[in-house]
Amino acid sequence: MRSINSRRLFSGTGLIVTGLAATLVALVFPIWSYSDRSGTGVDTLNAQTLSTRYGPLSALDREFVTKVRLAGLWELPAGQQAEERGTTQAVKTAGKHLVEGHTFLDERVREVASQLGLQLPNQPNEQQQAWLGTLSAAQGEEYDVQFANILRKAHGKVFGLVAQVRASTRNSLVRRLADDANTTVLDHITVLEATGLVDFDALALDAATASPPPLTNSPAPPGPTDSPSPPVPVSPSPAAPSPSPTYTLPPPATSRPPEDDEPKETKEAKEPKKSEASKDEDKSENKKP
C-alpha cells in the first residue's frame with residue numbers, strides 16, 4: 001500500500017517538474033531564436049544593396065526606378081488619349097500635362113538606368129494595361145470621370161513612394177530622379193484634381209483599407225555594367241523628348257493681387273493718417289518761395 005502511494009507521489013511530482021520545464025523552454029526559446037536570427041530590416045538592406053560609383057543602390061531604389069519607367073509606359077498614352085477624347089478643357093489640359101511630364105521623366109529614368117546598369121521594362125504591367133482598357137472602353141462624360149479618378153489614384157500611390165525614396169536613398173542619381181518625379185507627380189495630381197471629377201471619399205476609403213503593395217522586382221543584374229544599352233520604349237515613342245518640363249504650375253491660391261488693382265478706398269485706408277501738426281508743417285513749407 002505504501003509503495004503504491006509513493007509511486008503516485010512520484011508520478012505527480014514528475015508531471016509537475018515536466019510541466020515547469022516545458023514552460024521554461026517556451027519562455028526562453030523566443031528570446032534565443034530572435035536574438036540570434038538574421039533577416040532584420042538592416043540585414044535585408046545590406047544584403048540587397050549594390051555598390052555603385054554614385055552611392056549604394058538599395059532594392060527600394062531599384063523598385064523606384066522601375067516604377068517611374070512603368071508609370072510613363074501607360075500614363076503617357078493615357079494623356080494622349082485624354083487630349084483627344086476629353087469632353088472638357090480641364091480634362092484635355094490634364095492630358096497635356098501627363099504627356100509633357102512623362103516624356104521628360106521617361107528620358108530621365110532611361111538615362112539613370114543606363115548609368116546604373118539597370119534593365120527596365122518595355123511594357124506596362126497587367127494592372128496598368130487593365131486601366132488603359134477601362135479608359136478605352138469609356139465614352140463621353142464617363143471617360144472624363146474614369147480618367148480623372150484612375151490617374152489620380154495611381155499618382156497618389158506613387159507620390160508616397162517618391163517621398164520614401166527621397167528621404168532614405170543614399171544614391172545621388174536616384175535622389176535627383178526623385179526630385180524630378182516629385183515635381184512632376186505633384187503637378188499631375190494638381191491638374192487632375194482641377195477637373196472637379198475626383199472622388200476624394202473613394203480615395204480616402206481606398207487608402208484606409210489598402211494593404212501594403214507588393215514589391216516590384218526590378219530586373220537588375222548582380223551589379224552595374226560598364227556600358228549598358230539603354231532601353232527603348234515600345235509605346236509611346238516620342239520623336240523629340242524635351243530636356244525639361246515645358247508646363248508651369250498654377251499660381252498659388254494665396255497670392256495677393258498687384259497694388260494697382262486695389263480699390264482707391266483700400267489704398268487710402270492703408271496709408272497712415274497725418275496729424276494736424278504735420279499738415280500745418282506741409283502748408284508752411286508750400287508757402288516758402
Side-chain angles (χ1 to χ4, degrees), residues 33-76 101-128 153-189 207 210-234 241-245:
S33 61
Y34 281 94
S35 62
D36 193 35
R37 60 175 288 185
S38 60
T40 62
V42 175
D43 292 332
T44 302
L45 175 66
N46 293 334
Q48 298 182 1
T49 296
L50 306 175
S51 297
T52 76
R53 56 183 293 193
Y54 306 99
L57 185 70
S58 69
L60 181 63
D61 295 336
R62 297 195 298 274
E63 179 189 11
F64 167 68
V65 172
T66 299
K67 285 193 171 182
V68 171
R69 168 66 167 177
L70 284 171
L73 289 175
W74 81 278
E75 291 179 25
L76 210 164
H102 283 291
T103 297
F104 165 68
L105 269 187
D106 193 70
E107 182 180 13
R108 286 282 292 112
V109 75
R110 283 185 282 137
E111 177 185 358
V112 169
S114 175
Q115 291 175 283
L116 294 175
L118 300 179
Q119 299 174 358
L120 291 177
N122 284 321
Q123 293 291 340
N125 61 32
E126 292 183 4
Q127 184 182 49
Q128 293 165 342
K153 180 179 177 180
H155 278 82
K157 294 182 181 299
V158 172
F159 199 43
L161 176 63
V162 173
Q164 182 182 3
V165 171
R166 183 60 182 84
S168 63
T169 185
R170 295 172 287 173
N171 188 280
S172 60
L173 290 182
V174 174
R175 191 177 300 116
R176 290 196 291 270
L177 179 62
D179 287 338
D180 293 332
N182 181 72
T183 301
T184 303
V185 173
L186 181 57
D187 171 73
H188 292 176
I189 287 176
S211 58
L215 183 69
T216 300
N217 294 321
S218 173
T225 56
D226 294 332
S227 56
S229 300
V232 179
V234 174
S242 58
S244 62

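Only this structure's heavy atoms are used, side chains among them; waters, hydrogens and symmetry mates stay out.
Across all their heavy atoms, S168 and L60 have their closest contact at OG-CD2, 4.0 Å. Between A113 and V65, the shortest heavy-atom contact is CB-CG1, 4.4 Å. Heavy atoms only, all atoms of each residue included: N122 and L73 are closest at C-CD1, 3.6 Å. Counting all heavy atoms, side chain and backbone alike, A59 lies closest to Q48 at CB-OE1, 3.1 Å.
Rounding to the nearest 0.5 Å places CD of Q119 at 12.0 Å from OG of S114. How far CD of Q127 is from CH2 of W74: 8.5 Å, rounded to the nearest 0.5 Å. Taking CG of L70 as the reference point, atom CD of Q128 lies at 5.0 Å (rounded to 0.5 Å). Residue L105 holds its CG atom at 6.5 Å from CG of D180, rounded to the nearest 0.5 Å. Atom-to-atom distance recorded for R108:CZ and L173:CG is 8.0 Å, nearest 0.5 angstrom.
T184 and D187 form no side-chain donor-acceptor contact under 3.5 Å, judged by distance and modelled atom types alone.
At least one side-chain heavy atom of K67 sits under 4.5 Å from a side-chain heavy atom of L161. Side-chain contact between T169 and F64 is absent, with no heavy-atom pair separated by less than 4.5 Å. The shortest side-chain heavy-atom distance between N171 and L116 falls under the 4.5 Å cut-off. Within the 4.5 Å cutoff, the side chain of R170 has heavy atoms near those of the T49 side chain.
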Run the numbers on L57 and L118 for side chain to side chain contact (heavy atoms under 4.5 Å, CB included), then give the verdict.
-> CA-CA 11 Å; L57 185 70; L118 300 179; 4.0 Å; yes

For the pair R110 and D106, evaluate salt bridge (Lys or Arg N to Asp or Glu O under 4.0 Å) and give the outcome as yes or no after the intermediate values.
-> CA-CA 6 Å; R110 283 185 282 137; D106 193 70; 3.0 Å; yes

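H188 and H102 have tilted rings, their planes meeting at an angle from 30° to 60° on a 0 to 90° scale.
Checking side-chain atoms of D61 against main-chain N and O of S58 turns up a donor-acceptor pair under 3.5 Å.
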